[in-house]
Amino acid sequence: CDFAGLRFTGDLSSYIDWTVNFYGTYEPAVLAFLGDVAANANPGSVFVDIGANVGLHTLYLAPRVARVHAFEPWPNMKSVWPPPSITSGP
């Protein structure tokens with residue numbers, strides 16, 4: 001599926017990936033809130049995603065703010081960072 005202009009294939013055994021693949025998004029209310037915050041932020045604003053998991057919030061905000069930093073402290077997720085399921089383009 002497409003997510004934030006990127007091709008997202010994901011791992012269907014993961015709840016988040018499954019949700020994005022079948023519904024096209026995960027936590028749409030959170031993304032709408034973050035989008036509103038980014039739209040009203042000052043130029044040059046930085047978004048820090050702590051506990052980034054597969055990076056969906058990071059990907060969503062990357063084109064909306066000047067810089068994004070994503071951190072994932074959980075060793076199981078860090079071993080697959082950045083997620084191989086995310087590529088640019090159609």
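- Here the shortest heavy-atom pairing between Val65 and Ser45 reads CB-O, 3.6 Å.
- Sorted by first and then second residue, the ring-ring contact (aromatic ring centres under 6.0 Å, His included) pairs involving residues 17-64 (not counting sequence neighbours) are Trp18-Phe22, Trp18-Tyr23.
- We find the OG-CG distance between Ser14 and Asn21 to be 9.5 Å, quoted to the nearest 0.5 Å.
- Note that CD1 of Ile16 is 6.5 Å distant from CG of Leu56, once rounded to the nearest 0.5 Å.
- The two residues Ala70 and Ala52 have their closest heavy-atom pair at CB-CB, 3.9 Å.
- Every residue meeting the side chain to side chain donor-acceptor pair (under 3.5 Å) condition with Asp49, not counting sequence neighbours, appears here in chain and number order: Thr58.
- To the nearest 0.5 angstrom, Leu31 atom CG is 10.5 Å from Leu59 atom CG.
- Results of the side chain to side chain contact (heavy atoms under 4.5 Å, CB included) test with Tyr15 over Asp17, Leu12, Thr19 single out Thr19 as the only residue that passes.
- Among residues two or more places apart in sequence or in another chain, the side-chain contact (heavy atoms from CB on, under 4.5 Å) test is passed with Ala62 by Val68.
- Summarising the geometry of His69 relative to Val46, their closest heavy-atom pair is CD2-CG1, 3.5 Å, with the distance given to 0.1 Å.
- The minimum heavy-atom distance linking Glu72 with Gly51 is given by the pair OE1-C, 3.2 Å.
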